[in-house]
S.K.: 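Can you keep this structure in mind? I'll have questions shortly.
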Amino acid sequence: MRWTALLAVVAASAAAQTVADAKKFLDDAETRLLALTTEASHADWIRENFITYDSETLSAAVDERQIAEGVRLAKAAVRFDHVKLPPDMARKMMLLKLGLTLAAPSDAAESAEVTQLAAKLDGLYGKGKYCPDDKKPCMDIEAITRVMATSTDPKELLDAWTGWHTISLGMRRDFSRFVTLSNKGARELGFKDTGAMWRAKYDMPPDDFAKELDRLWEQVRPLYNSLHAYVRWKLREKYGDTVPANGPIPAHLLGNIWAQDWTNIYKLVAPADADPGYDLTEILKSRNTDHLGMVHYGENFFKSLGFATLPSTFWERSLFVKPHDRDVVCHASAWDIDSVEDLRLKMCIDITGEDFYTIHHELGHNFYQRAYDKQPFLFRDSANDGFHEAIGDTIALSITPAYLVKLGFISKEPDASKDIGLLLNRALEKIAFLPFGLLIDEWRWKVFSGEIPAEKYNEAWWQLRLKYQGVAPPSSRGDEFFDPGAKYHVPANVPYTRYFLADILQFQFHRALSQIAGCKEPLNRCSIYQNQEAGRRLNAMLEMGVSKPWQDALYTLTGQRQMDATAIRDYFAPLQKWLDQQNRGKPVGW
Ligand SMILES: [Zn+2]
């Protein structure tokens, strides 16, 4: 009886909605969200630059209000579902509904429970430490990361790996309840489950998007298999029978706790004549480059493409140097405080080659933010969530030896035979990552849909890691363990597919921009530095923000409407050839 009455009321109010009502609703929503986002950014900035109890309390309070308003607007937008809206307004309604990562159910008790579970899981990870039995100090993720990156003692690596995977032992039951409740909230918004809600953000039917990822993976898989085979036999030379001749690689030997980035084992697999003949860190130091100088190199890259200089407030308000007298979050990040002109970089810069790359990457975010600042608030974001990360990395791909020659860092380019070292190093980062970037959400989507039940969480996790990465756990991992929980993004409920997309897109962007710039060399030698036409085409894509489907944005720059991993194969073609020679007569695959 009550249900019928309630439904009648909802139907009546839906029928009464007009386009004018929708416009007023959207205008109000944009005004409120802009104000809340700006306030939250100021508070978050203070919290990350002055980590204290009070700054955390204040920023948590405004973050909570911002999230609550997002949920309220997403649910309120549903009442315009049956109003025929002009495309711009329909897109804004869609973005409002898709802005959530977690949709809390409308039942107040369940809503409180799911938010508490999310905070608890996040906290369990954040406090996660491995405390060895003996008198050794407990190890947090930084300490674990250091061991995984630097040790070549298999016993020590095994101990660190096994130890870190104890932090998630207590998460499984909470995670399973979290899945149930977040699915309930997603269904109230009209999605099949939370995974379907995440996949719906990509301007195509959710199931088509999953197929699209598989297609991209198939394009790049042969290169991954070659890299895997080469690394496996080099590790077998080092560690003996611990590494099988033709099976999966043990997950603790790849220089990273999740085996997602293999750059730390470069020295174990480097070709004998790999040295490109220069060391960027040494060059920067010998030139007495300071922190400001490092950032100016990044800004000058964008200026050389025709972008305007950064505002004076960028230089006044950014953090470049690690303070001596207080705790700050040093993890590099690019900020857009007022969503218009108050751009900032927060980074504890070291004068190293690595940070030279990172600055180019971070400024990619800032110049993207400024390019779309004329859009209405809801459209001030990247075309899809993979684009934002991809832009910075695209620019970093242009840090070639030729670019360093133009900066006067080196007198001439090393010859092409030295490219293999640079390419192998880059492949250990970018190619090794791809299967990992894919499988995290493949696992999670199946968990949310119920295809993977709670008692099979761990078994399914390792099946996917075997299938995609060709890695195996160093010891038997039954379902008493919850190994996905040892990766931040799972307990923190952060979608992961964006990183896979960014890894694919950056090479597609780089190839398109190199062609526009008229580069005739192999793709890995192309830099778009000083090419204003490339800058103009890049900007044309960036300034669209998320106002149009990402396919339109992609087309604007590349002339393609589909993501295309063949650009990766082009970029790494010299390495593929070299790997094929090295792998001759050796097993490939697992
Ligand atoms: Zn980034």
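As the structure lists them, so they are numbered: ligands from 1, and atoms in each ligand from 1. Start at 1 with the first residue, then count along the sequence.
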S.K.: Ignoring hydrogens and geometry, is there a side-chain-to-backbone donor-acceptor pair from Q508 to A567 under 3.5 Å?
M.R.: no
S.K.: Can we say E429 and R426 salt-bridge, meaning some charged N sits less than 4.0 Å from an Asp/Glu carboxylate O?
M.R.: no
S.K.: Please report how many protein N/O/S atoms lie under 2.8 Å from the Zn ion (ligand 1).
M.R.: 3
S.K.: Who are the side-chain contact (heavy atoms from CB on, under 4.5 Å) partners of D552, not counting sequence neighbours?
M.R.: M544, K548, P549, R561
S.K.: Taking only residues two or more places apart in sequence or in another chain, which ones pass side-chain contact (heavy atoms from CB on, under 4.5 Å) with H361?
M.R.: H365, E389, D393
S.K.: Which pairs would a plain distance check flag for residues 140-150, meaning a side-chain donor or acceptor within less than 3.5 Å of a matching protein atom at least two apart in sequence or in another chain?
M.R.:
unit_1	atom_1	unit_2	atom_2	d
D140	OD1	E142	N	3.2
D140	OD1	A143	N	3.0
T145	OG1	I141	O	2.6
T150	OG1	R146	O	2.7

S.K.: Look at atom CZ of F320 and say whether more than 12 heavy atoms of other residues, nucleotides or ligands are closer to it than 6.0 Å.
M.R.: yes
